[in-house]
Structure formats: C-alpha cells, structure tokens
Amino acid sequence: MDLLPDLWKQEYWLPPGVTWKDMEQLADSDRPQPKDLLVALPLSLCFVALRHVFERYASGIFPGGALYKLIKLSLMSRYYRISLEWSPDCHWFTDRLFHMICINHPTLFIHRFLAPPLCRWLGVKKRSQIAAAPSPQLESFYTQRSRHPTQKEVASLMLLCGKTQRQIEMWFRRRRNQDRPCQTKKFGEAAWRFFFYLTAFVAGLVSLFDRPWFWDHRECWRQYPFQPLERAHFWYYMLELGFYFSLLLRISVDIKRKDFKEQVIHHLATIILLSFSYCANYIRIGTLILLLHDSSDILLESAKMFHYGTGWKKTCDSLFVVFSVVFLVTRLVIFPSKLIRATLLLSMEVFEPFVGYYFFNILLMVLQVLHIFWAGLILRMVFKFLKGKLEKDERSDEESVVEEEENSEDENLDQRRDCYWEKSKETLNSRFSALTNNCVLNNLTHQRLSLPNRMAKSQ
C-alpha cells in the first residue's frame with residue numbers, strides 16, 4: 001500500500017465510513033492483505049511445470065514401465081553385493097525392495113501401477129503425418145513471409161526451387177500439417193484441466209458445504225467488511241488465482257481456437273475479479289462464484305477427453321448433453337438470478353454503493369456476456385447434435401479444420417492413385433500373360449507345320 005498510495009485509497013476498496021485502520025481490528029491471519037496475492041505467482045510457475053509433466057505423461061511420453069526398469073536397474077547396481085549374500089538371484093532382492101518403496105512412496109506407486117497412459121487407455125491415436133521434404137528456400141518463405149502463398153508467389157517459388165506447382169502446394173500443405181496440434185496434445189490439455197477443475201470443485205464444496213452463506217446468500221454480507229478469513233478459503237483463492245495465471249503464461253503455446261480472444265478476456269477478468277475480491281474481502285461471494293464455474297467445466301473437459309479417444313462416442317455424447325444442461329442452468333439461470341442479484345441488491349442492505357461495488361459488478365457483467373456468447377456456441381452444437389451432424393467442437397480453429405479437409409483430400413487422392421496403380425498392374429499382368437500364351441501357341445503351331453518338311457529333308 002505504501003508503493004501506490006493513490007491506488008489504495010479506502011474510498012475505492014471499502015464501504016463509506018470504513019477505513020483501513022478499522023480493518024486492523026481483525027488479526028493479521030484473519031485479515032486479507034494485498035501482499036498475500038504474491039503467493040499466487042510461484043504457484044502459477046508450479047502449475048506450469050506440473051502441467052508440462054502431466055501432459056507428457058498423459059500423452060504416453062513418460063511410461064511407467066520405463067520408470068520401473070530405471071529404478072530397478074539403479075537398485076540392482078547399488079545393492080548387487082548385498083543381494084549376492086542373501087541369494088544368488090539378485091532380481092528377487094530388488095523386486096522385494098522396489099515393492100516396499102512403491103508402497104511407502106505414493107508417486108512411484110502411481111507410476112508403477114498406472115503405467116498405461118491415459119491416452120492409450122481411451123484409445124487416443126496420434127495421427128501419422130508425412131513430413132515435408134527439407135527445402136531451405138521454402139522453409140524461409142514459410143517462417144518469414146506467409147504460410148499460405150498466393151499464385152504469384154507460388155510461380156516465383158517454382159522458378160526459385162525448380163519444382164512444379166503441385167509439389168510447391170503439397171510441400172506447404174504438409175508443412176502446415178506439421179504445425180497442427182496432434183490429438184495427444186489436445187487430450188493432454190483437456191485432461192490437465194479436468195483434473196484441476198475436479199480437485200478444485202471437490203475442495204471448494206467440502207470447504208463451503210457447511211457454511212451459512214452457501215445456503216443463504218444474505219450471509220455473504222453479514223458484518224461486512226469485518227469478516228474473518230478462513231485458511232481453507234485462502235488456499236482455495238490462491239490455487240484458483242495461480243491456475244488462471246498459469247493459463248495466461250501458457251496461452252501462447254496452447255491450442256488456439258475460434259474463441260481465443262474471448263478466452264483471454266475471460267482469464268483477465270477472472271484474475272482481476274479474484275484479486276479485487278480478495279483485497280476488498282468479497283471472499284464469501286467469490287468462493288461461490290468459483291464453485292459455480294468449476295461445476296460445468298469438469299463436464300466440458302471430460303467430454304473433450306472422451307471425444308479425442310476412439311470407441312467412446314456414446315459416452316462423449318452423454319457427457320455433452322449433461323454439460324449443456326448444467327452450463328445453461330448454472331451460467332444463464334443461477335449465476336445472474338442468485339449471485340449477481342446478491343452482489344447488486346442484497347449487498348445494498350448492509351452498505352451503500354462505492355467504487356469497488358460498481359467495479360466488481362461490471363466485471364461480473366463482462367463474465368455474463370461471455371457466458372451468453374459460449375451458450376450460443378453450445379446451442380448451435382446441440383442443434384447439430386440433434387440433427388446428427390455434430391462432428392467437431394464449434395470452437396475449433398477454422399484453419400485446422402481446413403487443414404484436416406485438405407489432408408483428407410490428399411489421403412483420398414493417394415488412395416485413388418494406389419487403386420488405379422493396382423488396377424493398372426492387374427491389367428498389365430493379364431496382358432502379359434495373354435501375350436505369353438499367344439507366343440507359346442504360335443511356336444507350337446509353327447513347329448507342327450514345319451515338322452513334315454523337316455522329316456522330308458531328313459529322309
């Protein structure tokens with residue numbers, strides 16, 4: 001507060017008649033302080049590192065069997081002499097020792113017995129891609145100028161590289177396909193968010209279920225702003241804030257979809273809402289908003305996980321229907337009628353409006369506009385689902401969809417070429433066999449006709 005005194009004026013953050021000194025009647029451990037928000041920064045870095053490891057494991061890059069063999073090999077090299085004294089077979093000793101370590105160490109236990117990665121269990125397949133042939137001229141044009149060359153640029157590249165138009169277009173198509181996110185990456189991102197939202201929702205529900213403001217929203221403002229901060233709600237806030245910070249840090253490398261700008265606005269609005277509500281002690285209503293949002297996000301990410309797998313279409317469709325109902329009810333009914341009403345109307349029964357009151361409610365309105373936007377996309381998907389035409393996420397990137405169509409066209413073209421070659425080969429073989437038979441018959445006929453002449457000459 002000493003660094004930016006104009007920003008921390010009590011008129012901005014506290015109701016009229018309440019000062020920062022009045023807030024000191026609460027103990028330091030029970031009073032939210034702005035410096036506590038710094039805890040979210042290292043948590044966000046931990047989330048980024050944990051997500052990197054999680055996505056690689058979920059994608060099958062870190063198989064548990066390899067970890068088991070590596071640790072077993074290290075134990076064998078370290079305890080080889082001891083095992084020889086106990087038994088001539090050193091594998092018996094290392095197996096028993098590793099079994100004890102797995103039981104006493106949960107991380108190794110998980111890697112040992114969850115060896116099949118999640119993507120293999122759900123049947124997520126990494127699509128095979130044909131790599132573009134190395135070409136320095138085309139690579140420099142691709143990285144520095146454009147990924148989609150015009151016809152004029154293609155003609156100049158033909159003269160520069162000495163290739164045909166078909167070869168140039170095929171090279172750029174394959175090069176773009178190399179940059180497309182694979183199914184395993186999409187699955188890893190969805191799996192990471194699913195496990196976080198599930199953990200956060202369960203933790204939030206446990207910490208709020210027996211609180212009076214969970215059932216009666218007027219309790220959110222009772223004795224405001226002199227409400228003590230509970231440690232469970234403190235960590236609930238910090239973990240959610242750190243998670244959304246990590247999403248912003250990773251947004252440049254995450255999969256970009258049609259609603260990329262809306263996602264950025266949502267993350268920024270959420271971070272500002274969490275930070276402001278913590279400093280202004282809006283924590284009770286803030287925890288309810290977090291819990292409400294996590295409830296539908298769990299179903300969304302789980303439906304995406306099954307969508308990327310193979311053989312789970314009915315499960316994915318069922319989860320999508322449940323998610324659509326939960327999203328529309330929570331975001332378009334409960335959120336405005338219960339939570340926004342509590343911040344707009346019920347709060348005025350306790351204090352008069354101030355700057356923070358208007359600022360907080362404006363941000364809630366921004367979230368509600370985003371909810372309406374996403375509800376439109378979901379209703380469009382529901383309409384296609386009922387007509388049996390739903391094949392992809394409405395938020396999928398347009399460019400990736402075009403690339404998929406082009407790639408499927410290439411595959412169909414290759415299949416047609418292979419089929420044509422097989423037919424041509426069969427035709428050639430039949431003609432060769434017919435020609436061979438004709439030659440054999442002609443030779444036999446010629447020999448039969450020339451046989452009397454030969455016998456006459458011999459006589």
Side-chain angles (χ1 to χ4, degrees), residues 1-40 43 200 203-242 244 269-293 334-335 337-365 367:
M1 291 185 180
D2 297 335
L3 296 177
L4 300 172
D6 294 335
L7 177 63
W8 299 104
K9 288 183 177 181
Q10 58 195 19
E11 294 84 2
Y12 299 160
W13 302 87
L14 299 174
V18 181
T19 63
W20 291 114
K21 290 185 178 180
D22 297 334
M23 294 293 295
E24 293 179 358
Q25 66 182 358
L26 293 173
D28 292 340
S29 59
D30 296 337
R31 184 174 75 250
Q33 301 183 30
K35 64 180 181 180
D36 297 338
L37 298 176
L38 298 176
V39 177
L43 283 177
L205 187 63
V206 170
S207 64
L208 293 172
F209 188 77
D210 58 346
R211 299 300 185 271
W213 64 86
F214 182 79
W215 307 100
D216 185 6
H217 295 159
R218 281 186 169 84
E219 294 292 331
C220 294
W221 311 110
R222 188 178 299 277
Q223 299 179 352
Y224 179 82
F226 306 105
Q227 297 171 343
L229 172 64
E230 300 183 19
R231 302 311 298 173
H233 300 155
F234 167 79
W235 286 112
Y236 185 38
Y237 246 70
M238 293 301 108
L239 289 175
E240 291 276 1
L241 188 59
Y244 282 101
T270 303
I271 290 173
I272 296 173
L273 267 172
L274 289 172
S275 303
F276 174 81
S277 62
Y278 183 82
C279 296
N281 206 7
Y282 273 39
I283 294 176
R284 292 186 177 181
I285 192 66
T287 53
L288 297 179
I289 294 174
L290 289 173
L291 188 68
L292 181 75
H293 282 72
I334 298 178
F335 184 71
S337 64
K338 298 294 183 179
L339 300 183
I340 294 183
R341 176 177 174 271
T343 58
L344 274 175
L345 302 178
L346 298 183
S347 61
M348 296 181 64
E349 298 177 0
V350 179
F351 57 84
E352 296 180 2
F354 59 104
V355 176
Y357 165 85
Y358 296 109
F359 180 73
F360 187 77
N361 284 283
I362 288 173
L363 289 179
L364 291 182
M365 296 298 178
L367 284 183

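Quick caveat, the model's predicted, so the values are computed rather than measured. Any value given below was found using the heavy atoms of this structure, including those in side chains, with hydrogens, waters and symmetry copies removed. Count residues from 1 along the sequence.
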Main-chain N/O of Cys220 paired with Gln227 side-chain donor or acceptor, under 3.5 Å: yes
Leu37 side chain reached by Cys279 side chain, heavy atoms, under 4.5 Å: yes
Shortest non-hydrogen contact from Ala200 toward Tyr236: O-CE1, 3.6 Å
Rounded distance (nearest 0.5 Å) linking atom CG of Asp22 with atom CD of Gln10: 8.0 Å
Minimum side-chain heavy-atom gap Leu364-Leu339 below 4.5 Å: no
Backbone N/O of Leu344 and side chain of Tyr357: donor-acceptor pair under 3.5 Å: yes
Nearest non-hydrogen partners of Leu43 and Gly242, listed with the distance: CB-CA, 4.5 Å
More than 12 heavy atoms from other groups under 6.0 Å of OH on Tyr12: no
Backbone of Trp8 reached by a side-chain donor or acceptor of Trp20 within 3.5 Å: yes
Heavy-atom side-chain contact between Arg211 and Glu230 under 4.5 Å: yes
His293 and Phe335 aromatic ring geometry - parallel, tilted or perpendicular at 30°/60° bounds: perpendicular
Whether Asp36 side chain and Gln33 backbone form a donor-acceptor pair below 3.5 Å: yes
Side chain proximity check, Leu290 to Leu274, heavy atoms < 4.5 angstrom: yes
Minimum heavy-atom distance Pro225-Leu26, with the two atoms named: O-CD1, 4.5 Å
Main-chain N/O of Ile272 paired to Ser275 side chain as donor or acceptor, under 3.5 Å: no
From NZ (Lys338) to CD1 (Ile289), nearest 0.5 Å: 15.0 Å
Side chain to side chain contact (heavy atoms under 4.5 Å, CB included) assessment of Leu367 paired with Thr270: CA-CA 8 Å; Leu367 284 183; Thr270 303; 4.3 Å; yes
Polar side-chain atom of His233 near backbone of Arg284 as donor-acceptor pair, under 3.5 Å: no
Value rounded to 0.5 Å, distance of CD1 in Ile271 from CD in Glu240: 11.5 Å
Ile283 and Phe234, any side-chain heavy atoms less than 4.5 Å apart: no
Greater than 12 external heavy atoms within 6.0 Å of Glu352's CD: no
CA sep, side-chain torsions, deciding dist, call: Leu273, Tyr282, side chain to side chain contact (heavy atoms under 4.5 Å, CB included): CA-CA 10 Å; Leu273 267 172; Tyr282 273 39; over 6 Å; no
Test log, rule side chain to side chain contact (heavy atoms under 4.5 Å, CB included), inputs Ile285 and Trp213: CA-CA 8 Å; Ile285 192 66; Trp213 64 86; over 6 Å; no
Donor-acceptor contact below 3.5 Å, side chain Glu219 vs main chain Phe214: no
More than 12 heavy atoms from other groups under 6.0 Å of CD on Gln223: no
Distance in Å, Gln25 CD paired with Asp30 CG, rounded so as to fall on 0.5 Å steps: 11.5 Å
Trp13 ring center within less than 6.0 Å of Phe354 ring center: no
Side chains of Phe351 and Trp221 in contact at under 4.5 Å (non-hydrogen atoms): yes
Closest contact, heavy atoms only, Ser277 versus Phe360: CB-CE1, 3.7 Å
Sub-4.5 Å side-chain heavy-atom contact between Arg341 and Leu346: yes
From CA spacing to verdict: side chain to side chain contact (heavy atoms under 4.5 Å, CB included), Leu291, Leu205: CA-CA 7 Å; Leu291 188 68; Leu205 187 63; 4.2 Å; yes
